Structure formats: structure tokens, C-alpha cells
Amino acid sequence: YFKHRFDELQAGIPESPITGLRRESLLAFDRSGLPTKRSEDWKYTSIGELFEKEYDLKTDDSPDRAVTSAAIDSMRLPGYLEANEIVFVNGHYIPSLSTIRSPSGQLTVLPLEDAATGTYREVIQEHLGCSSAYIKDGIHALNTAFIHAGVFIRIAKGIQLNHPLYFYHF
């Protein structure tokens, strides 16, 4: 099931520097599988029921048409006029619905794929996926295998933002 869903996801998105990490992570998942209660880290958590249903993994990066700026207005947090707002729809970062108020150069917010193919390529290659060196379970590997439409956030060294970061998930 996961291999089939992974192949569907890969077919729907272009090759990028993240593609290799996705493939390696799926192989790691194949080796480790889903954790069970016999695993020390998961002995008090039963996750089997989470995998008894199918999930709709969308590869379409366009925002859900039901989520508009007006819909977001009704959910905004107090102080939003002074905040950097980062919006996700169905787990996908949507730049057109997000607002960055911090001065240019202090805060960088980009789609993960853009950062991985642009100026921040080396940063992404160095750090994305490093947690797999010390987290060796199937859930972590599966999560990494399905990285898609995420966000890259960089705060310049030595900068303290004057505007908070608000994350909205729809």
C-alpha cells in the first residue's frame, strides 16, 4: 500500500534534490516496518488502527478552493496585523495565502522544494533528514518518505524578529 502511494506521489511531482531522500526513507521504512509495542519507544502506543484506512495523499499544490482569504479572516489570531502568517491547506504550504511582514533578509519563508533547488540547496542537503541518524523507526522513515509541499523557514543569524510567526492549518 505505502509503496503504491509513494509511487503515485513521486509520479505527480518533479525530480528535485529531495527525491533521493524520499526514496532512501521509503527503503528504510521497508526495512523497519511499522513499530509495535515490542519496540521500547512505542510500547505504550498502539498505532495499528491508524493504518486500517486509506489516506488521500494529494499531489496537487493548488490550494483548496474552499479556503479563501475571507475564510482565513474568520480564524485569524489576535495581533495578526503584526504577525507573519504561514498558511497550510491539507498539509501544503500556500504562499499566496501567507503574509510575511518581517523586513526582507530577516525572515525567509519559501516552499521547501524551491529552497532545495535554489539559494538554500546546500542548507537543505546538509540538514533535511539528519534526524534519521538517531531516530530509527518506521514512522519517522515513512514521514520522511512522504515529504511534500512543506515550508523552509530561515531567520537570519543574530536577528530577533519583531513580528511573531503564526501558523494556520486548514
Side-chain angles (χ1 to χ4, degrees), residues 2-3 5-35 39-42 45 47 50-51 55-63 77 82-170:
F2 291 115
K3 174 73 169 109
R5 297 309 301 238
F6 179 82
D7 290 341
E8 286 178 346
L9 177 68
Q10 288 295 97
I13 55 178
E15 289 280 321
S16 79
I18 298 173
T19 303
L21 174 62
R22 286 187 192 112
R23 287 186 184 124
E24 290 171 20
S25 297
L26 186 67
L27 291 173
F29 173 73
D30 282 344
R31 286 189 299 274
S32 62
L34 293 173
S39 170
E40 180 66 26
D41 291 341
W42 292 89
T45 308
I47 60 169
L50 293 174
F51 299 96
Y55 293 93
D56 183 18
L57 304 173
K58 297 182 181 210
T59 58
D60 179 11
D61 288 341
S62 61
L77 296 169
E82 299 296 322
N84 297 292
E85 298 177 297
I86 300 172
V87 177
F88 294 84
V89 177
N90 294 325
H92 292 222
Y93 166 59
I94 309 297
S96 62
L97 295 174
S98 301
T99 303
I100 305 303
R101 291 187 167 80
S102 290
S104 179
Q106 289 187 0
L107 174 67
T108 302
V109 180
L110 295 170
L112 182 59
E113 297 287 344
D114 291 354
T117 57
T119 305
Y120 299 101
R121 181 182 182 123
E122 290 179 13
V123 172
I124 299 292
Q125 287 175 338
E126 182 180 349
H127 297 287
L128 186 62
C130 285
S131 56
S132 65
Y134 54 89
I135 301 175
K136 299 284 188 189
D137 68 50
I139 294 296
H140 183 269
L142 190 62
N143 187 52
T144 305
F146 284 89
I147 288 174
H148 178 64
V151 65
F152 171 83
I153 300 171
R154 178 185 173 275
I155 299 171
K157 187 174 183 173
I159 295 296
Q160 181 174 346
L161 295 180
N162 293 327
H163 303 281
L165 293 173
Y166 285 179
F167 294 84
Y168 298 98
H169 295 268
F170 296 94

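Every value quoted in this text rests on a predicted model; they were computed, and no experiment measured them.
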Mind checking the [atom1]-[atom2] spacing from [X] to [Y]? Nearest 0.5 Å is all I need.
X    : Y    : atom1 : atom2 : result
L26  : E24  : CG    : CD    : 11.0 Å
L107 : L161 : CG    : CG    : 5.5 Å
H92  : L112 : NE2   : CG    : 12.0 Å
E122 : H127 : CD    : NE2   : 10.5 Å
L142 : F6   : CG    : CZ    : 10.0 Å
K3   : Q10  : NZ    : CD    : 8.5 Å

Run the side chain to side chain contact (heavy atoms under 4.5 Å, CB included) check on L34 and I139 step by step: do they pass?
-> CA-CA 6 Å; L34 293 173; I139 294 296; 3.9 Å; yes

Can you tell if the side chain of [X] reaches within under 4.5 Å of the side chain of [Y], non-hydrogen atoms only?
X    : Y    : value
I86  : I153 : yes
S132 : S25  : no
P17  : T117 : yes

Quick check: closest heavy atoms across [X] and [Y], and the distance to 0.1 Å?
X    : Y    : result
R121 : A116 : CG-O, 3.1 Å
E126 : C130 : O-SG, 2.9 Å
E82  : H163 : O-ND1, 2.7 Å
G150 : Y93  : O-CB, 3.8 Å
G105 : R154 : O-NH1, 4.4 Å
F88  : H169 : CD1-CE1, 3.4 Å

Parallel, tilted or perpendicular: which describes the rings of F2 and F146, with under 30° parallel and over 60° perpendicular?
->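 F2 vs F146 ring planes: perpendicular.
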
Which class fits the ring pair Y166 and Y168: parallel under 30°, tilted 30 to 60°, perpendicular over 60°?
->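 Y166 and Y168: perpendicular rings.
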
Could you walk me through whether I147 and L128 pass the side chain to side chain contact (heavy atoms under 4.5 Å, CB included) check?
-> CA-CA 10 Å; I147 288 174; L128 186 62; 4.2 Å; yes

Go through the structure and list residues passing side-chain contact (heavy atoms from CB on, under 4.5 Å) with A115, not counting sequence neighbours.
-> L110, Y120, I124, F152

Determine, step by step, whether D41 and H140 satisfy the side chain to side chain contact (heavy atoms under 4.5 Å, CB included) criterion, reporting the C-alpha distance in whole Å, the side-chain angles of both residues, the deciding distance to 0.1 Å, and the verdict.
-> CA-CA 12 Å; D41 291 341; H140 183 269; over 6 Å; no

Donor-acceptor pair, T19 side chain versus S16 backbone, under 3.5 Å?
-> yes

Backbone N or O of L165 within a donor-acceptor pair of the N84 side chain at under 3.5 Å?
-> no

